[in-house]
There are 2 protein chains.
Amino acid sequence: MVTSVVIHLKQISTRFSIAVHTLSLIAVYPKDCTGDFIAGSVNTNPVVIRRIMGMLKKAGLVDVRPGVGGASLLKDPERITLLDVYRAVNVTEEDRLFRIHGNPNIHCFVGRNIEQALQKELKEAQSVMEQRLAQTTLDQLIGKFK
Amino acid sequence: MVTSVVIHLKQISTRFSIAVHTLSLIAVYPKDCTGDFIAGSVNTNPVVIRRIMGMLKKAGLVDVRPGVGGASLLKDPERITLLDVYRAVNVTEEDRLFRIHGNPNIHCFVGRNIEQALQKELKEAQSVMEQRLAQTTLDQLIGKFK
DNA sequence: ACCGATGTAACCATTATAGTTACACCTAAT
DNA sequence: ATTAGGTGTAACTATAATGGTTACATCGGT
C-alpha cells in the first residue's frame with residue numbers, strides 16, 4: 001500500500017524577509033516609517049513588525065523614536081548586509097543551521113565518529129551560505145527595485 | 001522594562017544527520033544493517049529509522065530487503081554526496097530553504113519589489129550551501145573516522 | 001508455520017511560528 | 001495638563017513540524 005505524506009521542512013522564518021522588507025522601507029521612506037506604515041506594506045499585524053523591530057534595534061541596525069514613533073537606520077544601507085539582518089532575527093542555538101542528533105552509541109565505530117566529522121562539513125556549508133548573504137547590501141537590493 | 005525571551009529558529013531536522021549516520025553504517029557494516037541495529041547506533045526508536053530509510057529508498061540511495069531485512073547501498077560511497085542525502089530527507093516546499101512573507105502591499109514601491117529581488121539573493125545563498133554539501137562524499141566522511 | 005524484519009498508520013508531547021488583543025508607557029502637540 | 005498617536009511587551013491562540021511511541025499488517029527465509 002502506498003500513501004504519501006509530504007513532510008515539509010521547517011524553513012527559515014519569514015522574520016528574515018520581513019526584516020529585510022522593513023529595513024528597505026526605512027531606507028526608502030526615512031520619514032514615514034511607523035510600525036503601522038510598515039505593517040501596511042508588509043501586510044501583517046503591527047505587533048509582528050514591532051517584534052522584529054525590537055530585534056533589529058538590539059542588533060544596532062535601527063533606532064526607534066519612543067513616544068512619537070518612526071524608525072531610522074543606524075548604518076548606511078551600503079553597510080548593512082543580508083547577513084547582518086539574518087543574524088539579527090534568526091537567533092539559533094549556537095548559530096547552527098543544521099541540527100545533529102544527540103547521544104549516538106559511542107560503542108559503535110560510526111556512532112562514535114559521526115558527530116565531529118559531520119559537524120565540520122555542515123559548518124562549512126552554513127558558512128558559505130552566510131558569506132553569500134554578506135555579499136549583498138541593503139543598498140544593492142534596493143537598487144534592483146523598478 | 002526589559003525581559004528577554006530567546007527565540008530559537010527551527011533548524012534543519014536531525015533527519016538529515018540521522019540519514020548520514022544510517023548510510024555510513026550501511027557502508028561500514030554492509031551485512032548487519034537491520035533497522036534495529038541502526039537504531040541502536042543512532043540511539044533512537046526503530047520506527048524513526050524506518051521512516052528515514054523509506055526516504056532514502058525513494059531517493060534511490062538504498063535497497064531494503066523485505067521480509068528478511070537488512071539494507072544495502074545502491075550507489076558507491078564515493079558517489080553519494082551529502083547533498084544527495086540532504087535532498088532525500090529534506091522535502092521542503094519547492095526546495096526553498098528560506099521562506100518569504102506572502103502578499104506584500106503592491107501599492108507600495110518596496111512591497112511591490114521586495115519578493116523578486118530578495119528571492120534571487122536567497123536562492124543563490126541556498127545554492128552555494130548546497131554546492132558545498134555536494135563536495136563531500138560519504139566515502140570522504142567515513143575516511144575521517146578514527 | 002514460525003520468526004524476525006519491514007512498512008505504515010495513529011497518536012502524543014514538545015516547540016516554533018505568526019497572528020491577535022490588551023494595555024502600560026512615552027512624547028509631541030494642543 | 002490633557003490628549004492623540006505610537007511603541008513595548010505580555011498573553012493567548014491556531015497551525016504545523018518534529019521525534020518518539022505503540023500497534024499491526026505483511027513479507028520471506030528457515
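In what follows, chains are A, B, ... by sequence order, proteins preceding strands, each numbered from 1.
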Rounding to an integer number of Å, can you tell me how far [X] [atom1] sits from [N] [atom2]?
| X | N | atom1 | atom2 | result |
| --- | --- | --- | --- | --- |
| B:Phe16 | D:dT18 | CZ | P | 14 Å |
| A:His101 | D:dT18 | NE2 | P | 16 Å |
| B:Arg15 | D:dG19 | CZ | P | 6 Å |
| A:Leu97 | C:dA16 | CG | P | 16 Å |
| B:Arg65 | C:dC3 | CZ | P | 22 Å |
| B:Asp63 | D:dG28 | CG | P | 12 Å |
| B:Gln11 | D:dG19 | CD | P | 10 Å |

Check the orientation of B:Phe98 and A:Phe16. Use parallel for under 30°, tilted for 30 to 60°, and perpendicular for over 60°.
tilted
Using a 4.0 Å heavy-atom cut-off across all strands, classify B:Gly70 as base, sugar-phosphate, or nothing.
sugar-phosphate
Residues forming a side chain to side chain donor-acceptor pair (under 3.5 Å) with [X], sequence neighbours excluded:
| X | value |
| --- | --- |
| A:Asn105 | A:His107 |
| B:Ser17 | A:His101 |
| B:Ser41 | B:His21 |

Quick one, which residues of residues 19-39 of chain B touch DNA chain D with a heavy atom under 4.0 Å?
none
Closer than 4.0 Å, any side-chain N/O of [X] to the OP1 or OP2 of [N]?
| X | N | answer |
| --- | --- | --- |
| B:Lys57 | C:dG7 | yes |
| B:Thr14 | D:dT18 | no |
| A:Arg99 | D:dG19 | yes |

Qualifying salt bridge (charged side-chain N to carboxylate O under 4.0 Å, His left out) pairs with a residue from residues 30-43 of chain A, counting only residues at least two apart or across chains
none
Got a sec, which pairs hit side chain to side chain donor-acceptor pair (under 3.5 Å) with one end in residues 64-85 of chain A, sequence neighbours left out?
A:Thr81-A:Asp84
Listed once per pair and sorted, the side chain to side chain donor-acceptor pair (under 3.5 Å) pairs that draw on residues 129-141 of chain A, sequence neighbours left out:
A:Arg87-A:Glu130, A:Gln126-A:Glu130, A:Arg132-A:Thr136, A:Arg132-B:Glu121, A:Arg132-B:Glu124, A:Thr136-B:Glu121
Members sharing A:Val128's hydrophobic cluster, built from side-chain contacts under 4.5 Å between Ile, Leu, Val, Met, Phe, Trp and Tyr, are B:Val128
Protein-nucleotides 20-26 of chain C N/O pairs under 3.5 Å:
{"unit_1": "C:dT20", "atom_1": "OP2", "unit_2": "A:Asn45", "atom_2": "ND2", "d": "3.3"}
{"unit_1": "C:dT20", "atom_1": "O4", "unit_2": "A:Arg51", "atom_2": "NH1", "d": "3.4"}

